[in-house]
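Notes to accompany the following structure.
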Protein chains: 2
Amino acid sequence: MTNVIANPDVTRYQQPLCSCPTAATDPALEALVREIIGRVADKWTMIVLEVLAEHGALRFSQLGERIAGVSQKMLTKTLRQMEADGLVLRTVFPVIPPRVEYVLTDLGQSLGAAFCGVWIWAEQNRQSIMTARAAFRAREAAD
Amino acid sequence: MTNVIANPDVTRYQQPLCSCPTAATDPALEALVREIIGRVADKWTMIVLEVLAEHGALRFSQLGERIAGVSQKMLTKTLRQMEADGLVLRTVFPVIPPRVEYVLTDLGQSLGAAFCGVWIWAEQNRQSIMTARAAFRAREAAD
DNA sequence: CAGTATCCAGCTGGATACTG
DNA sequence: CAGTATCCAGCTGGATACTG
């Protein structure tokens, strides 16, 4: 636990998070946007987005091979939800054995582009985060 | 369940997700970045980021008031993790009753800016998602 | 091959009570 | 005020077995 002794002069005021005109004004929209982000920012969704953006159309099993650690159940679930949200197109080929392909829709590709900023941020600030974590652990250890 | 009859001509190939040079090349870095995004894309973290970006320094209870639905436990947990990752500065004033203030660090502010793209995407494509969901439910109902 | 179905261990997070 | 501690219901997601 940190016990920083205070500097009472801290009265910084920041700018709004970003130029999203309606965000702050309409709480209903805000809630909806949060919900969308919550669903879409999910671990596997992000990775599927990434893999499909890189490889174009892929079969179910090809996706499974490229996404280390995903279970069949979670891959199915993630793809189904992405399909429902209009992020991927699921194409069933009527052959035996079955062949199912997944591609990003335009919407899915645009989401990938939108996440780009977060990706770049994580990459660029990785070191700062590691340093901050080490400092926090040190403070904790010192009580 | 969808049973789209296939068009075998679908052989689209996309561009890489974004201009993140190292992302695709270094799997270790990729895993790390994913982990960071996973932690940071969490529901409450995003909202705290937003509220602090808008209001500057806030006390624990003020944050609680502005974040509808958050429990004391989750607010504490989220703030502690954000502090550990270097996203917020926690300042304890040595007075009775205690007074604790939270401000975004520069790192926290930059993350807010990075998430801006996702926020704008969600806002702009809200309607497309709703439409896609309705269409999916209709396909499901039709079997 | 591309799933579905079932079981279940473990994490998540709310509710409640308590405290320096 | 700003937490911590405890309990516990419910969701999450892995493992395994099965199927058109």
Side-chain angles (χ1 to χ4, degrees), chain A residues 1-6 8 10 34-35 38-48 51-52 57-84 88-103 139-140 143, chain B residues 1-6 8 10 34-35 38-48 51-52 57-84 88-103 139-140 143:
Chain A
M1 199 60 49
T2 326
N3 275 301
V4 177
I5 295 307
V10 175
R34 279 174 183 171
E35 189 238 313
R39 288 186 56 169
V40 128
D42 138 282
K43 184 185 177 188
W44 297 122
T45 301
M46 256 216 12
I47 303 182
V48 168
V51 171
L52 282 181
L58 286 178
R59 304 179 61 166
F60 183 85
S61 50
Q62 292 175 317
L63 278 164
E65 285 160 21
R66 282 175 175 74
I67 302 177
V70 74
S71 68
Q72 201 180 31
K73 180 178 171 180
M74 286 315 295
L75 186 55
T76 302
K77 192 180 165 188
T78 302
L79 286 168
R80 209 66 90 223
Q81 188 182 293
M82 291 177 77
E83 189 196 0
V88 302
L89 179 67
R90 178 172 177 271
T91 309
V92 178
F93 294 79
V95 295
I96 293 173
R99 173 185 181 91
V100 179
E101 280 191 359
Y102 295 89
V103 223
R139 270 179 279 150
E140 260 185 333
D143 284 341
Chain B
M1 197 60 49
T2 324
N3 274 302
V4 176
I5 296 308
V10 176
R34 280 174 183 171
E35 190 238 313
R39 288 185 56 169
V40 127
D42 138 280
K43 184 184 176 190
W44 298 122
T45 301
M46 255 217 10
I47 303 183
V48 168
V51 171
L52 282 181
L58 286 178
R59 303 178 62 165
F60 183 84
S61 50
Q62 292 176 316
L63 277 166
E65 285 161 21
R66 281 174 176 74
I67 303 176
V70 73
S71 66
Q72 201 179 32
K73 181 178 170 181
M74 287 314 296
L75 186 55
T76 302
K77 193 180 164 189
T78 303
L79 286 168
R80 209 66 90 223
Q81 188 183 293
M82 290 177 79
E83 188 194 1
V88 302
L89 178 67
R90 177 172 179 271
T91 310
V92 179
F93 293 80
V95 294
I96 292 172
R99 174 186 181 91
V100 180
E101 280 191 359
Y102 295 89
V103 222
R139 270 180 277 150
E140 258 186 335
D143 282 342

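Computed over heavy atoms, backbone and side chain alike; hydrogens, waters and symmetry mates excluded. Note on naming: letters A, B, ... go to the chains in the order of the sequence lines (proteins, then strands), and numbering restarts at 1 for each one.
Residue B:Arg80 places none of its side-chain N or O atoms closer than 4.0 Å to OP1 or OP2 of D:dA2. OP1 and OP2 of C:dG3 both lie 4.0 Å or more from every side-chain N or O belonging to A:Thr76. Between B:Arg59 and D:dC1 there is no side-chain polar atom (N or O) within less than 4.0 angstrom of OP1 or OP2. Residue A:Arg90 has a polar side-chain atom (N or O) positioned under 4.0 Å from OP1 or OP2 of C:dG3.
Rounded to a whole Å, the CD1 atom of B:Ile96 is 15 Å from the P atom of D:dG3. As rounded to whole Å, 15 Å separates atom C1' of C:dC1 from atom CG of A:Leu58. Computed from coordinates, the B:Gln81 CD to C:dC11 P distance equals 16 Å when rounded to whole Å. A straight line from CD of B:Glu101 to P of D:dG3 spans 12 Å, rounded to a whole angstrom. Distance A:Phe93 CZ to C:dG3 C1': 17 Å, rounded to the nearest Å. The CD-P distance, from B:Gln62 to D:dG3, rounds to 13 Å in whole Å. Spacing between atom CZ of A:Arg99 and atom C1' of C:dA2 amounts to 12 Å, rounded to whole angstrom units. Atom CD1 of B:Ile67 is separated from atom P of D:dA2 by 14 Å (rounded to the nearest Å).
The side-chain contact (heavy atoms from CB on, under 4.5 Å) search around A:Thr76 returns A:Phe60, A:Arg80, not counting sequence neighbours. Residues forming a side-chain contact (heavy atoms from CB on, under 4.5 Å) with A:Val100 (at least two apart in sequence, or on another chain): A:Arg90, A:Val92, A:Tyr102. Residues satisfying the side-chain contact (heavy atoms from CB on, under 4.5 Å) criterion with A:Glu65, sequence neighbours excluded, are absent altogether. Remark: B:Arg59 pairs with no residue by the side chain to side chain donor-acceptor pair (under 3.5 Å) rule, at least two apart or across chains.
Where DNA chain C pairs in unbroken runs of 3 or more (Watson-Crick or G-U, both distances under 3.5 Å), the stems are C:1-20 with D:1-20.
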**Study point:** Intermediate values then yes/no, side-chain contact (heavy atoms from CB on, under 4.5 Å), A:Gln62 and A:Arg66
**Key:** CA-CA 6 Å; A:Gln62 292 175 317; A:Arg66 282 175 175 74; 3.7 Å; yes
Check your understanding: Can you check side-chain contact (heavy atoms from CB on, under 4.5 Å) on B:Leu75 and B:Val48, steps first, answer last?
Key -> CA-CA 9 Å; B:Leu75 186 55; B:Val48 168; 4.2 Å; yes
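Using a 4.5 Å heavy-atom cutoff, the side chains of B:Arg139 and A:Glu83 are in contact. Side-chain contact between B:Leu79 and B:Leu63 is present, with at least one heavy-atom pair separated by less than 4.5 Å. You'll find the side chain of A:Val88 reaches within 4.5 Å of the side chain of A:Leu52, heavy atoms only.
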Practice item. Could you encode protein contacts along nucleotides 13-20 of chain C as a string, one character per nucleotide from 5' to 3', using B for base contact, S for sugar-phosphate-only contact and - for no contact, with a heavy-atom cut-off of under 4.0 Å? Key: BBB----B
